[in-house]
Amino acid sequence: MSDKLQIALAPGDGIGPEITRACMHIFQAAGVLDMVEFNEVEMGQSVFAKGETRGMTDEAVEAIEGTGILYKGPMGTPIGGGGKSINVTLRKTFGAFANLRHFQSLPGVETVYSQAGVPVDFYVVRENVEDTYGGIEHRLTPDSYAAKRLITTPGCDQINRFAFETAKNFGIDKVTCGHKANIMKMTDGTFLDRFRFLSQDYPDIETEDVIIDALCMNLVLRPDRYKMIVLTNLQGDIVSDLAAGLVGGLGFAPSANIGDQISIFEAVHGTAPDIAGQDLANPTSLLLSGLIMLRHIGLRKTAAEIENSLLYTLESGVHTGDVKGKGDPVGTTAFAQAVAENLGKTPSTVSGCTVPGGDMLCHTPPTRPSVNEMMVTHEQVKSEIVGCDIFLETVLTPLDLAARLQRICEGTPFRLTVISNRGTQVWPSGSPYTEIVNNCCVRFELLERSTIGQGPTVHLLAKVAEKFSVTEFIPIKMYDGQRGYSLAQGQ
Ligand code: NAD
């Protein structure tokens with residue numbers, strides 16, 4: 001094997017091979033290929049077509065694990081048939097927990113903000129693994145469905161720490177936490193608490209937090225207020241695309257998925273089947289993602305030179321057909337050729353990148369762990385069971401349901417304390433205007449505080465299950481004396 005740094009390369013589907021070729025042409029001209037060797041791996045539609053539902057071959061997995069870096073073009077997700085999104089699978093399988101995207105106004109790319117003279121230049125750091133992206137969903141009754149939104153303290157710590165570290169490395173002096181902790185007090189509340197807790201280690205970085213809906217409005221009104229925003233997975237997904245819209249669309253929004261060992265650099269747009277194979281695609285997103293990759297492996301000088309050349313090229317009016325710019329558009333190949341020829345030039349209407357003195361390759365390939373790493377934050381927390389929530393499929397009225405459940409729990413250490421429906425209390429008090437569905441949550445709590453194991457709650461569950469169809473069962477607990485469960489609305 002050569003002594004160059006090895007990177008796994010998956011050109012992808014649709015326009016993927018064209019834009020990958022374009023980026024390789026620019027890398028060749030900039031001297032990247034003298035230091036780095038790209039090894040092509042098989043991934044995407046051709047692999048799905050062979051019945052491999054992961055969408056990647058064992059050889060591809062081995063190559064990614066061997067190098068620790070994957071540079072990839074867009075890949076199609078099969079619709080139906082059990083194949084999951086390969087992009088999500090890759091991030092989760094290889095522990096690439098942080099999605100980093102940079103949104104900046106580019107010269108020659110007209111947007112409402114560029115026309116108004118409002119500069120856009122900020123990063124979004126999105127948690128990549130947890131939240132609803134676990135894809136853990138169940139149909140609980142014929143009418144009700146649930147998706148599990150899992151947020152963990154180690155997951156929050158990883159992503160918040162990553163945001164602060166990246167801000168420090170990039171010289172960014174303000175980080176904003178976006179959340180919905182006013183409604184989801186435990187999940188988003190934890191995300192916000194850990195953001196505040198970790199911020200203490202970064203006294204030079206200004207912090208603020210903002211509720212996600214207000215953040216979206218502020219981003220549209222005053223995008224120049226933000227420098228870096230850290231978010232949970234689903235909220236981060238939505239905000240990232242909103243932010244892409246501020247700078248001209250997904251074609252200009254690079255994306256990196258960074259893990260402790262393995263990182264993935266990719267274009268965020270799709271395979272664009274409508275223009276595939278026609279030399280029309282814009283390679284800018286994949287190129288900008290490649291520049292984050294070059295900086296990640298220490299080629300900061302080369303990355304800055306290519307970025308300046310790209311800015312100069314766009315500024316001089318050379319653009320592909322998807323860009324609202326002046327003059328006739330050029331094809332993918334001609335655009336890449338222009339960027340390659342403009343190496344060494346810098347833009348004049350926007351500030352270009354400062355080119356550091358030299359490159360210093362600094363990537364170490366991962367060492368394969370022998371077991372999965374267990375991440376634990378709270379090791380000494382005392383937890384005690386105080387009851388249980390049982391979800392039931394029933395069409396009984398809350399009053400009738402309560403009467404039957406009270407009979408069932410006679411002689412047990414529990415009493416029925418509340419019945420809620422879609423999160424709103426409907427017994428012991430409630431409003432007849434609250435519409436209900438046939439999936440009720442009934443909460444039993446200990447008559448007297450005592451230390452019980454989970455056995456009595458399971459015994460109670462068995463008694464309830466003799467009479468009702470159970471859809472979910474969750475023991476409720478106190479953690480160091482703090483309630484580990486939410487109250488119903490109206491409770
Ligand atoms: P898309 O991003 O492929 O296309 C949307 C529109 O944007 C199309 O009109 C397309 O021509 C245009 N477009 C996209 N990228 C462009 C580029 N670089 N240059 C010029 N124009 C560009 O979205 P879609 O049509 O919803 O999805 C097509 C396929 O891509 C689906 O199979 C989807 O699952 C997949 N996809 C993959 C990724 C990824 O790999 N990261 C992301 C999104 C969608």
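In what follows, residues are counted from 1 in the order of the sequence shown.
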Does the pair K227/D121 count as a salt bridge with the N-to-O cut at 4.0 Å? no
Ionic contact status for E42 with K50, cut-off 4.0 Å: yes
Test salt bridge (charged side-chain N to carboxylate O under 4.0 Å, His left out) applied to K180 and D188, step by step: CA-CA 6 Å; K180 194 72 184 172; D188 276 33; over 6 Å; no
Answer with yes or no whether the side chains of T271 and D13 bring together a donor and an acceptor at under 3.5 Å. no
side-chain contact (heavy atoms from CB on, under 4.5 Å) partner of E266, the single match among M75, M293, R91: R91
Yes or no on side-chain contact (heavy atoms from CB on, under 4.5 Å) for T111 and L246, after CA distance, side-chain angles and deciding distance? CA-CA 7 Å; T111 66; L246 305 178; over 6 Å; no
Apply the test side-chain contact (heavy atoms from CB on, under 4.5 Å) to residues L231 and I212: give CA-CA distance (whole Å), side-chain angles for both, the deciding distance (0.1 Å), then the verdict. CA-CA 9 Å; L231 296 145; I212 188 74; 3.5 Å; yes
Given L310 and L288, is the side-chain contact (heavy atoms from CB on, under 4.5 Å) satisfied, shown in steps? CA-CA 9 Å; L310 172 70; L288 287 171; 3.6 Å; yes
Does the T332 side chain pair with the main chain of I19, one donor and one acceptor, at a distance under 3.5 Å? no
Evaluate whether atom CE of M360 has more than 12 neighbouring non-hydrogen atoms of other residues, nucleotides or ligands under 6.0 angstrom away. no
Does the ring center of H102 lie less than 6.0 Å from the ring center of Y123? yes
Do the ring centers of F265 and H296 come within less than 6.0 Å of each other? yes
Pairwise side-chain contact, L140 with E472, heavy-atom cut-off 4.5 Å (strictly under): yes
Counting only heavy atoms not in D328, do more than 12 sit closer than 6.0 Å to its CG atom? no
Can you check side-chain contact (heavy atoms from CB on, under 4.5 Å) on I262 and I69, steps first, answer last? CA-CA 6 Å; I262 295 176; I69 297 181; over 6 Å; no
Quick one, V124 and L100 - any side-chain contact, counting heavy atoms below 4.5 Å? no
Side chain to side chain donor-acceptor pair (under 3.5 Å) evaluation trace for T57 with E52: CA-CA 8 Å; T57 59; E52 168 56 85; over 6 Å; no
So I306 and F27, do their side chains get closer than 4.5 Å, heavy atoms only? yes
With the side chain counted from C-beta on, respond yes when L215 and L219 share a heavy-atom pair under 4.5 Å apart, and no when they do not. yes
Between D131 and K148, does at least one N-O distance fall below 4.0 Å, as a salt bridge requires? no
Can you tell me which residue pairs pass the ring-ring contact (aromatic ring centres under 6.0 Å, His included) test with a partner in residues 210-250, sequence neighbours excluded? none
Side-chain H-bond candidate by donor/acceptor type, T232 with E127, under 3.5 Å: no
So that I can tick it off, tell me whether R300 and E307 are bridged by a salt bridge, with the cut-off set at under 4.0 angstrom between side-chain N and carboxylate O. no
Distance-minimising heavy-atom pair for T20 and G16: OG1-O, 2.7 Å
Say whether T346 and N308, considering side chains only, have a donor N or O and an acceptor N or O under 3.5 Å apart. no
How about F170: does its CZ atom have over 12 heavy atoms from other parts shown lying under 6.0 Å from it? yes
Using a cut-off of 6.0 Å, state whether more than 12 heavy atoms not belonging to E165 lie near its atom CD. yes
Crowding at CD, Q115 (>12 non-hydrogen neighbours, <6.0 Å): yes
Would you mind reporting whether P74 and H269 have side-chain heavy atoms less than 4.5 Å apart? yes
Can you tell if the side chain of K477 reaches within under 4.5 Å of the side chain of E384, non-hydrogen atoms only? no
D204 side chain reached by D173 side chain, heavy atoms, under 4.5 Å: no
Do D480 and Q380 have side-chain atoms, one donor and one acceptor, less than 3.5 Å apart? no
E315 side chain to T349 side chain, donor-acceptor N/O pair below 3.5 angstrom: yes
Tightest non-hydrogen contact, residues I205 and A167, listed as CD1-CB, 3.9 Å
Evaluation steps, side chain to side chain donor-acceptor pair (under 3.5 Å), between K72 and N87: CA-CA 10 Å; K72 70 173 276 292; N87 305 305; 2.6 Å; yes
For the pair K174 and E208, evaluate salt bridge (charged side-chain N to carboxylate O under 4.0 Å, His left out) and give the outcome as yes or no after the intermediate values. CA-CA 8 Å; K174 182 175 157 195; E208 64 170 5; 3.7 Å; yes
With side chain to side chain donor-acceptor pair (under 3.5 Å) as the criterion, how do R54 and T89 come out once you've worked through the C-alpha distance, each side chain's angles and the decisive distance to 0.1 Å? CA-CA 7 Å; R54 285 180 309 171; T89 303; over 6 Å; no
Which word best sums up how the rings of F103 and F122 line up, parallel for under 30°, tilted for 30 to 60°, or perpendicular for over 60°? tilted
Establish, for the pair R126 and Y133, whether the NZ or CZ atom is under 6.0 angstrom from the six-membered ring centre and no further than 45 degrees off its axis. yes
Can R161 be said to sit on top of F164's aromatic six-ring, NZ or CZ under 6.0 Å from centre and within 45° of the ring axis? no
Between L106 and V323, is any pair of side-chain heavy atoms under 4.5 Å apart? no
Any side-chain donor near an acceptor of the partner, S255 and N99, under 3.5 Å: yes
D274 atom CG, over 12 foreign heavy atoms within 6.0 Å: yes
